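Here it is, the structure, as structure tokens.
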Amino acid sequence: MRKLAIIGIGLIKWGELWEKSMRQIAAEAVFKCLEDAGTDRIDTMTIGNMSGGLFNGQEHLSSLIPDHMGRKNIPAMRIESACASGGMAVRTACLEVASGFSDYAIAVGVEKMTDISGNEATYALATAADQDYEAFHGVTFPGLYAMMAKAHMDRYGTTREQLSSVVIKNHYNGSLNPNAQFPFKITGDQVLKSPMVSDPLRLLDCSPITDGAAAVMITTLEEAKKLKKQPVFISGIGHASDSIALSSRKDILKLEAVELSTNTALKMAGKSIKDIDFAEVHDCFSIAEIMILEALGVVAPGEGGKASSDGLTGLDGDFPVNPSGGLKSKGHPVGATGVAQICEAVTQLRGDAGERQLENIRTGLTQNMGGSAGSSVVHILEVI
Ligand code: COA
């Protein structure tokens with residue numbers, strides 16, 4: 001297998017981008033990425049997108065996006081794994097380069113979610129839940145994560161304040177990120193006063209509905225070393241799936257796909273979680289970040305809430321998590337999220353993160369998951 005490196009990233013500001021179309025924001029991210037990489041070469045393109053059909057009435061993005069960029073004829077494919085579509089698009093681009101099929105593979109993630117009503121967006125998202133056993137009965141993602149939160153509180157004594165500590169920390173980080181959708185600080189009192197969505201999760205425990213795109217360029221490590229910018233080495237990749245329905249799992253507090261994908265990526269990189277300096281993880285709801293900390297092996301099961309409120313995951317903590325602001329503050333355009341996590345990790349490793357820059361880092365981990373962790377993909381990135 002050929003060694004892999006990231007040589008370019010492209011991000012746009014996320015939010016409600018009503019004046020732009022899906023194809024425009026995807027192309028903007030790709031052009032920024034090409035500029036950053038210092039090349040126009042694209043051997044292949046992978047496109048992470050969960051549901052252009054339901055959000056925009058538009059499928060067949062593999063032709064639409066290259067054509068809009070003036071680059072029709074390049075081989076392109078759309079990759080779907082619910083909210084993990086972006087991370088899976090990066091993994092697929094890595095497979096292209098690792099196998100020798102392509103030398104320059106660009107992965108772009110895009111989702112335009114605000115052109116339909118909130119109810120329609122909730123329906124579109126819920127198609128990634130189990131239709132027969134969950135969505136048909138009216139259970140959508142806030143409801144599924146609320147069940148996990150209740151169970152976590154019941155079994156481990158996780159508190160409302162511990163959930164809020166994730167929100168406060170991520171909004172603080174996001175306030176330092178000019179590309180974030182909600183770049184402002186939030187207090188515990190504001191979380192408590194926000195409307196209840198699904199008990200115990202309130203509006204400010206939830207990631208928002210977002211329009212956004214992001215892109216990364218992958219090539220071989222050998223090729224990357226010829227370029228001026230310092231490349232970021234991709235040393236580990238892990239992917240795993242799990243049953244979609246929570247009712248099919250032995251334990252709804254065990255995110256098995258996250259555990260397995262993390263272990264696979266760490267093994268490939270020849271590392272343990274103790275070697276990782278920071279992580280960007282899939283905090284689609286406050287409880288998700290707490291459970292992911294446990295699934296990564298950063299803390300023991302049941303200790304994620306306390307670790308969060310004790311400051312372990314803050315910018316100056318021992319294991320910073322979501323320096324970008326995470327899905328909570330930066331936004332969650334589902335197909336773009338996994339690609340943007342990698343953009344943040346590269347920005348941090350290059351030392352370009354400005355006010356939210358982490359100190360003394362060499363190795364970062366990104367973790368992106370679909371639905372209630374029915375799929376998960378992990379990348380390990382290093383400066384060499
Ligand atoms: N952080 C901060 N502010 C937020 C926010 C967030 N995450 N989400 C919404 N807001 C703000 C909005 O800007 C708006 O402010 P305004 O009234 O000043 O304009 C206000 O809160 C209400 O937002 P709105 O979008 O009208 O709320 P909604 O009731 O339609 O939707 C949720 C709120 C939580 C139901 C929706 O964002 C949601 O479903 N989130 C989860 C998405 C999801 O499941 N993703 C997949 C995960 S697996």
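As the structure lists them, so they are numbered: ligands from 1, and atoms in each ligand from 1. Remember, it's a predicted structure, so these values are computed and weren't measured experimentally. Note that the numbering runs from 1 along the sequence shown for the chain.
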Q) Looking at atom 33 (C) of ligand 1, is any protein heavy atom nearer than 4.0 Å to it? A) yes
Q: Starting from atom 24 (P) of ligand 1, locate the nearest protein heavy atom and write down its residue, its atom name and how far away it is, to 0.1 Å.
A: Leu203 CD1, 4.9 Å
Q | Shortest protein contact, atom 36 (C) of ligand 1 (heavy atom only) | A | Ile209 CG1, 4.0 Å
Q. For atom 45 (N) of ligand 1, which protein heavy atom lies nearest, and how many Å away is it?
A. Leu125 CD1, 3.6 Å
(Q) Tell me whether Asn322 contacts the main-chain N or O of Val281 through its side chain, where contact means a donor paired with an acceptor under 3.5 Å. (A) yes
Q: Please determine if Asp251 and Arg249 form a salt bridge, counting it only when a charged side-chain N lies under 4.0 Å from a carboxylate O.
A: no
Q. Under 3.5 Å, is there a donor-acceptor pair between the Tyr104 and Glu223 side chains?
A. yes
Q: Would you please say whether a donor-acceptor pair under 3.5 Å links the side chains of Gln24 and Glu28?
A: no
Q) So, Glu289 versus Asn170: side-chain donor-acceptor pair below 3.5 Å or not? A) yes
Q: Measure from atom 40 (N) of ligand 1 to the protein's non-hydrogen atoms and state whether any distance is below 4.0 Å.
A: yes
Q. Starting from atom 35 (C) of ligand 1, which protein heavy atom do you reach first, and at what distance in Å?
A. Val197 CG1, 4.3 Å
Q) Is the His282 ring parallel, tilted or perpendicular to the His332 ring (thresholds 30°, 60°)? A) perpendicular
Q) Do Glu280 and Ser324 get their side chains close enough for a donor-acceptor pair, meaning under 3.5 Å? A) yes
Q | Nearest neighbour in protein (non-hydrogen) for atom 30 (O) of ligand 1 | A | Gly118 CA, 4.8 Å
Q | Is_contact(atom 21 (O) of ligand 1), protein non-hydrogen, under 4.0 Å | A | yes
Q) Using 4.0 Å as the upper bound for N to carboxylate O, is an ion pair formed by Arg78 and Glu59? A) yes
Q) With the threshold set at 4.0 Å, does a side-chain nitrogen-carboxylate oxygen contact exist between Arg160 and Asp205? A) yes
(Q) Quiz question for you: does at least one protein heavy atom lie closer than 4.0 Å to atom 7 (N) of ligand 1? (A) yes
Q: Indicate whether atom 28 (P) of ligand 1 is within a distance of less than 4.0 angstrom of some protein heavy atom.
A: no
Q. Would you say atom 15 (O) of ligand 1 has a protein heavy atom nearer than 4.0 Å?
A. no
Q: Counting heavy atoms only, name the option from Pro195, Ser207, Pro208 that's nearest to atom 38 (C) of ligand 1.
A: Ser207
Q. Out of Phe141, Phe285, Phe182, Tyr145, whose heavy atom sits nearest atom 4 (C) of ligand 1?
A. Phe182
Q.
Is the contact between Thr140 and ligand 1 made by the side chain, the backbone, both, or neither, using heavy atoms and a 4.0 Å cut-off?
A. neither
Q) Do we see a donor-acceptor contact under 3.5 Å between the side chains of Thr262 and Glu259? A) no
Q: Would you verify that at least one protein heavy atom lies under 4.0 Å from atom 47 (C) of ligand 1, or report that none does?
A: yes
(Q) With a 4.0 Å cut-off on heavy atoms, is His171 in contact with ligand 1? (A) yes
Q) Non-hydrogen atoms of Lys328 versus ligand 1: any pair closer than 4.0 Å? A) yes
Q | Heavy-atom neighbours of Glu222 CD exceed 12 at 6.0 Å | A | no
Q | Nearest neighbour in protein (non-hydrogen) for atom 2 (C) of ligand 1 | A | Leu204 CD2, 3.4 Å
